[in-house]
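Residue numbers start from 1 in every chain, and the chains themselves are labelled A, B, ... in the order their sequence lines are given, proteins ahead of strands.
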Amino acid sequence: MVSLLLQGLALGVLTGGLYALLASGLSLYFGVMRVVMVAHPAFLFLGAYLTYTVHTVFGLDPFLALPVTVPLFFVLGVAVQRLLIARLAPENLAMMSVLLTFGIALTIEGLLGTFYTGSYKSVSMEYATRSLTVAGVHLPYDKIIAFWVAAITLVVLFAVLVKSRFGQSLRATIQHREAARLVGIHTERVAGYGFGVGLATAAVGGTVLALITPFFPASHWVWIGKLMAIIVVGGLGSVIGAALAAVLLGVVEGLVLVTVDATWATMMFYVFLFLALLVRPQGFFGGRLAHRF
Amino acid sequence: MNTVLSLEDVEAGYGRAALVLRGLTVTVRAGEVVCLVGPNGAGKSTALKVASGLLTPRSGRVLLAGQDVTGLSPQRLLGLGLSHVLQGHSVFREMTVAENVRLGGFTVRDQARLNARIETVKELFPVVAERWGSMAGLLSGGQQKQVEFARALMLEPKVVLLDEPSMGLDPRNTQVVFDQIDLMRRTGVAVLLVEQNARRALEMADVGCVLDLGRVHITGPARELAADPRLGKLYLGGAPAT
Amino acid sequence: MSDTASSLRTEGLSKSFGGVLAVDGATVELRDGKINGLIGPNGSGKTTFFNLITGMIKPDAGRVLYRGRDITRHSPHRIAHAGLGRTFQLCRIFPRLTVLENMLVAVRRTRLRELLAGLRDKGEVERARHWLRRMGIEHLEDAEARDLSYGQQKLLELAAVLMAEPELVLLDEPAGGVNPALIDRIVSLVRDLNAEGRTFLVVEHNMDMVMGMCDHVIVFDRGAPIAEGPPSAVREDPKVLEAYLGV
Amino acid sequence: MYAAMATSWNLLGGFTGYVSLGHSAFFGLGAYGTGLLVVRAGVPWVVALLASALLVTVFAVVVGIAAVRVRGASFVIVSIALVSMMNLVVQGWRSLTGGSTGLQVPSPFPDLHRGQTHMVFFYLFLALLALALASWWYVSRSRFGAGLRAIREDEDKAESLGVPTAAYKVTAFALSALFVALAGGLYAVWFGSLDPIFVFSILIGSYMVLMSLLGGVRHLFGPLLGALIVAPAGEYFLIALGETQIHLTATGLVLVLVVLFMPDGILARLTRRRAGPSIPDETAEQRLQGVAQ
Amino acid sequence: KTDEPGGAQTPGRQTGPVKIGISLPLTGDFSEPGKGIQEGYQVWADQVNAKGGLLGRKVELIFRDDASDPNRVSSDYESLITQDKVNLVFGPFSSRLVIPAAKVAESYNMVFVEPAGAAKEVFEQGFKRLFYAAPAIASDHYNYLADYILKLPADQKPKTAAYASLDDPFAQGTAYGLRDKLAAAGIKTVVDEVYPPETTDFAPIAAKIAAAKPDIVVGGTQFEDSVGLVRALQELKVQPKLAAFSTGPTLAEFPAAVKGAVEHIISPVGWSATATFTGNQEMVKRYKEMFGGEANEDAANGYTVGQIVEAAVTAVKCVDPTKECQDKLADHIRQGTFDTVVGPLSFDDQGRPEQAHMIQQYVDGKVQIVLPESAKTADIVYPKKEW
Ligand SMILES: Nc1ncnc2c1ncn2[C@@H]1O[C@H](COP(=O)(O)OP(=O)(O)OP(=O)(O)O)[C@@H](O)[C@H]1O
Ligand SMILES: Nc1ncnc2c1ncn2[C@@H]1O[C@H](COP(=O)(O)OP(=O)(O)OP(=O)(O)O)[C@@H](O)[C@H]1O
Ligand SMILES: CC(C)C[C@H](N)C(=O)O
Ligand SMILES: [Mg+2]
Ligand SMILES: [Mg+2]
């Protein structure tokens, strides 16, 4: 029993790392742009499919797809922001963005279904099925890889947001667009790049996802609820909060899975969501901003 | 004195709605404070937005230091020495005071110069120094205004547009702001000021313009305007009864 | 509790945000039926004080008593029903509702019958028009509120607050950003309303207005009153001179 | 049926501006509630329908108390979570609900043949639509409705004017849930088979939103019009583009276009009386006088 | 009731083509198998028409796409029957869609032979005209495997078993069918997990199984989860003597998805490309001509539906949508035995087929039929090699 719990805990931490990566983009859009990006998981799977293509057509390691997909997604993000999001009226941006991105998600799903058909695809690498055994606890390599990729991406992301000139101008743009223009920031460009960075995380996330789970065009629906729950629990818009919440929920899920069952484990996400709302509507780690939006 | 900033026969409005500015002409010279007064909704703020490039006029021209800058982006105008403090609150709420002020010098790459400016600004506005690490959005209304002011002065601008800078400021801070304006004038900066605290503003300004419905109705030396009884009744309010 | 003519009393009201003590043990008593002024330097906690009184934020300590009743921690709408009305420092109206609808939102009681009553209840509309007329904006009743000029919006906000027939009206910088001619009008309105028996508490930085209009002035510094009295006295108080007037 | 649901949705969305993608939760609960009462308790279907709608309303009040504490984007997320959660509960609670096998509800009119049954239900849905429309109309004219609109514009301000915002929001939430639950219950007896995955689908919820938005959320007949357009359009895409998943893309793109170009809906487009501000232009002289008075 | 469809037969219609209405999930969750079934139907229609049609009339298939949506599947059949006035209907894919579809067919008195509604619930609805055109219902899929296991000598016989199943009537049905038989024979159930379709991470389930160290592992799976489970079991170093999964391993993508771990995985299968049952080789050949690829189980099931209906129609000599004719067809199907590409089929009163699925196993990377003895192409390997 103890070893089972340990195993659940270890897996939870690793999975939580992945969740953190997947949720970080969402948190970013919201934190810096007040956009609820329902299409994020759809982009994740678009990334997964591209990885699949690179892997099957060129026979490359999935991670070698990143130099292609990351810039591609960045550009895509810039385009989505500049061409679509930027046209929304600011008064009800949060609401309208949900619907807009919902439309985008459907569009992507439809396109994936058309080009790749509805069947399952998966990318499996030899190293992805082996595992490291520490003190009787098995740590699958694919999860370890996912965890580290997630961690590195998050650290880079965070550094960019907090420290770089770009991060500063991004935040300034969100908070007061006119004032940002008046200090010399190219606000449209910056907002576009911000979105691009968010989508770039989806490219990384997609690759990792492709490696550890099979997928089909409608797979993204499953993730919306989970990721949304994570970012609310973490405090909307807080990238760090989302990361912490992701690990927390990953662990809870893992433990509940090994002790109770899968239905309850998934349910934990929503239980925590409602708990978070009742106890701290701004999220466990959220700032003051949360409940204003 | 040479003209630094001028709006010539500007027509402008928002979206497809009716015009707000209908043929506005205003001129500001170096070392001069021009004060725009007028009722709420007259188009004063709109005039400043046109001048700083936030809003592109539908017709007319904007000249900065003799150069036609109509339609240029605020970023470009900033480079040409123009600075604009918006009406209301425009601090970056979720950033610290420090970050706000630093962003004022966003276009400055020279760290030493930036740091020197920061010191100067901190001296001018003690609150800024005191609350250096706080989130700007948590400051009181008046404190935020001072942060904005500090931010705008980071670049040592040659032309400053101020939109109701004293709004919400307590008397002491209002004095600080007016002293600053005076200081800028003396160092040769041109100031285009919008104020509802009209009597006070006209007292210190060089030129006054009465703006209503998108046009300048009366222009003249500020002190004379202040004394104009007709104007007093319509725009400046009666002397407060005691 | 004394049975003095006090409509509103606060006792040791405190609120801190993170490290900042915004309101620090403020004990204040308003003069009933008078125009009370509240002045103080930027950041001295005036707006926070308003928010505490009206229940928009919950105090860390202290009590708010209205007509002897403890209303601390009541929800804002209950406090509004008790007879307190307020305006906001940065004028807040409902931008996409018409001027008349803005007026009709104000609710005094929550009896079911009233709620279900038609919006265009004759009596209510008449009352709304009455207030709009007094503000001089009755010709705008069908305009969407966002299309009004800032000054007109300020008047609308005040009118809507008055719709609920509050006994105590809290105004946060009614003159801020308002053109001087309009300030005169607001001053005379406040005077008239006061003559009709309404108590006022006005936060304002426009000294001419405060000194000219108020019967009683309270001076805040660092979250607590440092002086109070009639305008003439307050103006001479050295503490006030030092903390606020800055001369 | 869709028209009735969209109109019900609009009782919440149109007035308060709270966009709920989760109304299919109430649809599903209404359906399952009715179905279970008929199947397990042997209650006559009319009674079951009303009883379950009532239960759902009570449930909505409880959920509403938690859900309306958060605004804007968080609310959307919570509503999505609600659907996923209900889906899990119904699937997981196999002994009561039949889990993923679904629930089979006997037809209430075994003697009528199908065409006639359809007619009966057509009129029932029509009646429900009429009821929902009437409620919307009534609310829109009441002070309650004015309060709800005020909440949409500025919640804190409304509160300070004495509007008990929390109670209002929960009431609107519950009211709109009531109608959706009725629709769900009718669906259960009409259609006969309930499958958790389809009954608790975010797509149904988002169709309600799409219809309302397309038609115009501020108009009585907006959602109805939207439903009349969206439902056949969906069919059309399916038939015209069939075979592949491109029809999803088409639906997605329509959603994107609506959000971008007609955020206020078709009716708002058609009925817009004026382009500019609603205030007549005054002349300078009038203004001067106005100020001087 | 004269407005009943088909009630007023005009002589002209009896000479037109035989219209067969079918709704299938061509898009949405079940789109892959849905397409397979469609191809099976098409191959059948093509061959029937080449032979001169049904009762001398050409067969015309009318397809609708229900997008895997049960609302749509019923309105599709509704309109096929009332608007298109089809002579016959064939079933859709998946138990989830079969039930609502059968309801409609039943209320119009149409015979409803379906290729893919295997869950036991399908047959508990009191349908009188529904028949499942495959060897066995879900809970009987593993019957041959159960027999095999129970006949093993005591020292080889597994003592413990772990079950993990997707929350889906069909997938669960298969796993529980086996579980109940083994449990009755004293093989202990040490893990019995049900996971919702949203599940993407199988490691914790595998961890539970690992902790219980079962002798055999049985998965009631579809595709995605079968892959996920295999990988997770591998990672957590669970090494059972036997691993069986429903559906997943029968799909062509499976070996690529799990790589080497595929070896010796077992699953029930209702059809084999190499079997020599009536018409099977012709079907395989024609399929290749028409669609290029290899036929699969789904296509075979579709084809089977055609074969059964064809036999019935030929026997009773009518294809009208009238109650009399459809009743005759139903009675015939209920009583007869039909030679099909999946072998001879007969049905009980609820429409359940009374045969059993074969058991396939990956041996040296190839799919082989290992049970029953009579149909086997290779010997079953037990215990399996480690993955
Ligand atoms: N962003 C905007 N979109 C549409 N209309 C606007 C916008 N900003 C201002 N207006 C309108 O333009 C007119 C002039 O506004 P402006 O802000 O220039 O007035 P102002 O003179 O600065 O008034 P105040 O003294 O109240 O600040 C007003 O009628 C206002 O409603
Ligand atoms: N929500 C908040 N979170 C954190 N700090 C706050 C918050 N609101 C106010 N403060 C702090 O509380 C103090 C008092 O603010 P308040 O707005 O009450 O001042 P004020 O007297 O109204 O000033 P002003 O005259 O400038 O409007 C300020 O230092 C401010 O930074
Ligand atoms: C054998 C399979 C085709 C059965 C199908 N998966 C069902 O749900 O019934
Ligand atoms: Mg202005
Ligand atoms: Mg204040």
Side-chain angles (χ1 to χ4, degrees), chain A residues 27-34 82 86-91 158-194 235-241 282-283 285-293, chain B residues 15 45-46 48-49 51-55 72-96 98-109 111 114 134-138 144-145 147-155 157 160-163:
Chain A
S27 222
L28 181 66
Y29 309 122
F30 191 83
V32 289
M33 260 156 294
R34 297 287 165 265
R82 293 291 280 271
R87 287 170 192 262
L88 294 177
E91 304 102 66
F158 200 70
V160 165
L161 284 185
V162 175
K163 291 271 180 277
S164 75
R165 258 172 86 76
F166 163 69
Q168 291 234 321
S169 38
L170 185 59
R171 289 189 295 146
T173 301
I174 301 332
Q175 291 167 29
H176 202 299
R177 201 168 277 248
E178 280 195 338
R181 295 181 68 188
L182 289 173
V183 297
I185 295 168
H186 292 270
T187 52
E188 277 104 65
R189 212 184 286 168
V190 162
Y193 291 169
L236 271 181
S238 155
V239 175
I240 297 190
Q282 67 274 51
F285 312 100
R288 305 145 307 276
L289 253 182
H291 55 192
R292 279 217 297 279
F293 286 89
Chain B
S45 303
T46 308
L48 296 198
K49 286 186 191 169
S52 68
L54 284 175
L55 188 69
L72 289 190
S73 69
Q75 292 84 2
R76 297 284 301 281
L77 293 178
L78 192 72
L80 296 172
L82 181 137
S83 178
H84 181 174
V85 178
L86 292 166
Q87 182 173 12
H89 296 287
S90 64
V91 289
F92 302 124
R93 301 177 55 87
E94 300 283 300
M95 297 170 112
T96 61
E99 286 176 306
N100 265 279
V101 172
R102 275 184 197 283
L103 273 170
F106 185 75
T107 51
V108 181
R109 306 240 169 203
Q111 280 304 314
L114 202 60
S134 324
M135 280 292 169
L138 301 185
Q144 291 186 20
K145 207 68 213 164
V147 173
E148 282 169 54
F149 222 69
R151 188 175 68 196
L153 293 183
M154 282 298 289
L155 286 183
V160 177
L161 314 177
L162 299 175
D163 203 346

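When all heavy atoms of A:A179 and B:L86 are compared, the pair lying nearest together is N-CD1, 3.8 Å. In this structure, B:S52 and A:L182 approach most closely via the heavy-atom pair OG-CD2, 3.9 Å. Considering all non-hydrogen atoms of both residues, A:V183 and B:G104 come closest at CG1-CA, 4.0 Å. The nearest pair of heavy atoms linking B:E94 to A:R171 is O-NH1, 4.2 Å. Across A:R181 and B:P74, no two heavy atoms sit closer than the pair NH2-CD, 3.2 Å.
Between the B:R93 side chain and the A:H176 main chain, no donor and acceptor come within less than 3.5 Å of each other.
Heavy atoms of B:R151 lying under 4.5 Å from chain A belong exclusively to its side chain. Proximity to chain A is limited to the backbone of B:V91, based on heavy atoms less than 4.5 angstrom apart.
Here the NE2-CD distance, from A:H186 to B:Q75, works out to 4.5 Å after rounding to the nearest 0.5 Å. The structure places NZ of B:K49 at 4.5 Å from CD of A:E178, a figure rounded to the nearest 0.5 Å.
When the shell of 6.0 Å around CZ of A:R189 is examined, it contains 12 or fewer heavy atoms from other residues, nucleotides or ligands.
Comparing B:L54, B:L78, B:T107 by how many heavy-atom pairs each has under 4.5 Å with chain A, the most go to B:L54.
Inter-residue side-chain proximity for B:R109 and A:R165 is flagged as met; some heavy-atom pair is nearer than 4.5 Å.
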